[in-house]
Amino acid sequence: MRAGPSQEEIRRHNLGVLLRHVHLGGPTSRAELTSRMGLNRSTIMALTADLTAAGLVREELPRETGRAGRPSLVVRPESARVYVLAFDIGVDRLVAARVGLGGVILDRREAARQRGPFVLEDVVGRLASFSEQMLKKTRSDTICVGVGVAFAGGVRSSDGVVRFSPNMGVSDIPLGQELEARLALGIPVAVGNDANLGAMAEQARGVGAGCRDLIYLHGDVGIGGGVIAAGQLLGGQGGYGGEVGHMVINAGGRPCGCGSRGCLEAEVGERALLEAAGRFGRQIGRDAVRAVVDAADRGDIVAQEALARVGDWLGLGVANLVNIFNPEIVIFGGILREIYLGAAAQVRSRIVTDVLHASRESLRLRTPVLGDDTTLVGAAELAFAQVLADPLDALARVGP
């Protein structure tokens with residue numbers, strides 16, 4: 001018979017839970033932590049003392065109490081001292097940030113990426129250059145506890161290898177390994193699909209906070225999806241779960257970069273909208289999508305018809321997903337934010353006609369609170385995962 005967890009294992013678990021509360025919830029009083037964790041005051045005091053000694057949090061008097069008697073100390077994350085590096089690799093842009101414990105973006109770099117061949121060495125070199133610029137500005141007492149990358153493609157969860165990315169034109173590239181070697185920080189680089197990380201970010205810090213069943217749809221050139229069910233991300237056997245962009249919604253329809261026809265991203269993606277609006281080739285990217293939506297708002301008939309067509313296909317895709325997963329909320333991110341806002345009537349109409357009544361009666365459709373940084377924030381949360389799971393072990397691994 002297997003023995004139960006040791007006192008040390010319980011202590012380490014509780015350290016991680018407490019740190020997660022402070023990381024996600026911000027400054028929190030000892031009294032509130034006692035209530036949330038169901039532990040006694042002396043245990044909370046001991047846990048906060050350990051995290052303070054490790055330099056992960058600090059305790060201070062509340063600025064205002066409004067109550068008589070001795071105030072409960074407030075536990076704050078050491079955002080300026082403990083940080084991660086987060087990267088977001090999209091079709092059109094590269095973003096790097098230094099993100100402090102508690103989710104504070106301390107420094108940020110962004111550059112446009114030209115569409116065309118994906119050269120791993122060039123991308124890794126640019127991200128490493130961004131990192132060097134940001135690290136030069138840090139104090140000597142700061143510590144990097146993780147590195148996370150969001151990538152627009154299918155990522156093998158075991159080793160960070162990008163297995164496929166039709167819109168980047170790459171397959172089987174060792175992104176995590178190459179970036180780890182180039183950064184030379186002695187810290188493993190965690191890589192995840194951008195839409196999956198977007199789902200995690202919106203659940204942790206965005207419009208889906210506290211929601212246990214949600215779908216995040218992310219539009220770049222193509223479309224990806226992250227599905228969270230019963231509080232857990234559905235990654236699939238190899239980590240490729242959630243590729244909803246390659247769900248066929250129009251058999252024999254528009255060709256898709258994956259080799260199939262009529263996929264959701266083929267009927268709803270950037271090219272489909274721009275071609276329907278007669279604008280493909282004049283401008284590309286998010287600005288081009290926004291221009292179509294703006295033109296439709298101003299009464300442009302062609303733009304309105306294009307948006308309605310794409311919105312109908314988007315609604316059909318969402319209806320299928322809602323029937324399968326029964327989420328509480330569906331979030332439209334990336335270029336899908338603009339498309340949804342411009343074609344909400346078509347999307348909702350499809351849901352009314354094609355979704356089971358029981359599955360749609362409590363459904364909410366939303367856009368991200370985190371905006372264009374949703375996937376970047378997800379990369380940061382991926383990087384923080386180890387220190388939140390076992391704070392003291394993670395610090396021991398990265399060293400002083």
Taking the hydrophobic residues Ile, Leu, Val, Met, Phe, Trp and Tyr, and joining any pair whose side-chain heavy atoms are under 4.5 Å apart, which ones share a cluster with [X]?
X      : result
Leu24  : none
Ile329 : Leu197, Met200, Val207, Leu214, Tyr216, Ile228, Leu233, Ile331, Val369, Leu382
Leu73  : Leu61

Calculate, to the nearest 0.5 Å, the distance between atoms [atom1] and [atom2] belonging to [X] and [Y] respectively.
X      : Y      : atom1 : atom2 : result
Ile187 : Gln386 : CD1   : CD    : 9.0 Å
Leu217 : Ile335 : CG    : CD1   : 11.5 Å
Leu175 : Asp159 : CG    : CG    : 11.0 Å
Asp172 : Arg156 : CG    : CZ    : 7.0 Å
Glu8   : His13  : CD    : NE2   : 13.5 Å
Leu183 : Glu180 : CG    : CD    : 8.5 Å

Hey, can you pull the donor-acceptor pairs under 3.5 Å for the side chains in residues 243-258, sequence neighbours left out?
{"unit_1": "Asn250", "atom_1": "ND2", "unit_2": "Glu267", "atom_2": "OE2", "d": "3.1"}
{"unit_1": "Arg254", "atom_1": "NE", "unit_2": "Ala266", "atom_2": "O", "d": "2.8"}
{"unit_1": "Arg254", "atom_1": "NH1", "unit_2": "Glu275", "atom_2": "OE1", "d": "3.0"}
{"unit_1": "Arg254", "atom_1": "NH2", "unit_2": "Glu275", "atom_2": "OE1", "d": "3.0"}

Please check: side-chain N/O of [X] versus main-chain N/O of [Y], any donor-acceptor pairing under 3.5 Å?
X      : Y      : value
Asn193 : Gly153 : yes
Ser349 : Ala345 : no
Thr52  : Thr48  : yes
Asp312 : Gln346 : no
Asn323 : Asp354 : yes
Ser129 : Gly125 : no
Asp220 : Val91  : yes
Asp300 : Ala303 : yes
Arg212 : Ala230 : yes

Please check if the number of heavy atoms outside [X] that lie under 6.0 Å from its [atom1] is greater than 12.
X      : atom1 : value
Gln237 : CD    : no
Arg286 : CZ    : yes
Glu60  : CD    : yes

Checking [Y] against [X]: is there a side-chain donor and acceptor pair closer than 3.5 Å?
X      : Y      : result
Glu265 : Asn167 : yes
His23  : Glu381 : yes
Thr375 : Asp88  : yes

Handout entry: Under the salt bridge (charged side-chain N to carboxylate O under 4.0 Å, His left out) test, residues paired with Asp122 that sit two or more places apart
Key = none
Fill in the blank from the handout: Residues passing the salt bridge (charged side-chain N to carboxylate O under 4.0 Å, His left out) test with Arg348, sequence neighbours excluded, are none
[X] versus [Y], closest heavy-atom pair with distance:
X      : Y      : value
Pro368 : Thr374 : CB-OG1, 3.4 Å
Pro327 : Leu321 : CD-O, 4.3 Å
Leu56  : Pro391 : CD1-CB, 3.6 Å
Pro62  : Val74  : CB-CG2, 3.8 Å
Ala195 : Gly224 : CB-C, 3.5 Å

Problem - Pairs flagged by ring-ring contact (aromatic ring centres under 6.0 Å, His included) wherever residues 337-362 is involved - sequence neighbours left out - result: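 Qualifying pairs, neighbours excluded: Phe332-Tyr340.
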Fill in the blank from the handout: Quick note, ring-ring contact (aromatic ring centres under 6.0 Å, His included) partners involving residues 165-196, not counting sequence neighbours, are none
Same apolar cluster (I L V M F W Y, side chains within < 4.5 Å links), [X]/[Y]:
X      : Y      : answer
Val17  : Met45  : no
Trp313 : Leu274 : yes
Val221 : Val310 : no
Phe384 : Leu185 : yes
Phe280 : Val302 : no

Lys/Arg-Asp/Glu bridge criterion (N-O < 4.0 Å) met for [X], [Y]:
X      : Y      : result
Asp141 : Arg139 : yes
Asp372 : Arg290 : yes
Glu270 : Arg115 : yes
Glu110 : Arg108 : yes
Asp390 : Arg12  : yes

Problem - Sub-6.0 Å ring centroid separation between Phe151 and Phe118 - result: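 Ring centroids of Phe151 and Phe118 are less than 6.0 Å from each other.
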Problem - Residues in ring pair (Phe, Tyr, Trp, His ring centres under 6.0 Å) contact with Tyr240, at least two apart in sequence or another chain - result: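 So Tyr240 forms a ring pair (Phe, Tyr, Trp, His ring centres under 6.0 Å) with Phe164.
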Exercise for the section: Can you sort out the partners of Phe325 under ring pair (Phe, Tyr, Trp, His ring centres under 6.0 Å), two or more places apart, ordered by chain and number? Expected result: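 So Phe325 forms no ring pair (Phe, Tyr, Trp, His ring centres under 6.0 Å) with any residue.
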Does the side chain of [X] reach to within under 4.5 Å of the side chain of [Y], using non-hydrogen atoms?
X      : Y      : answer
Asp107 : Lys137 : yes
Gln177 : Val189 : no
Asn14  : Leu39  : yes

Practice task
Just grab all the salt bridge (Lys or Arg N to Asp or Glu O under 4.0 Å) pairs involving residues 325-337, residues at least two apart or on different chains.
Solution key: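 Only Glu328-Arg364 qualify under salt bridge (Lys or Arg N to Asp or Glu O under 4.0 Å).
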What side-chain donor-acceptor pairs closer than 3.5 Å can you find for residues 25-32, not counting sequence neighbours?
{"unit_1": "Thr28", "atom_1": "OG1", "unit_2": "Gly26", "atom_2": "O", "d": "2.7"}
{"unit_1": "Ser29", "atom_1": "OG", "unit_2": "Glu32", "atom_2": "N", "d": "3.0"}
{"unit_1": "Arg30", "atom_1": "NE", "unit_2": "Glu59", "atom_2": "OE2", "d": "2.6"}
{"unit_1": "Arg30", "atom_1": "NH2", "unit_2": "Glu59", "atom_2": "OE1", "d": "3.3"}
{"unit_1": "Arg30", "atom_1": "NH2", "unit_2": "Glu59", "atom_2": "OE2", "d": "3.0"}
{"unit_1": "Glu32", "atom_1": "OE2", "unit_2": "Arg36", "atom_2": "NE", "d": "3.0"}

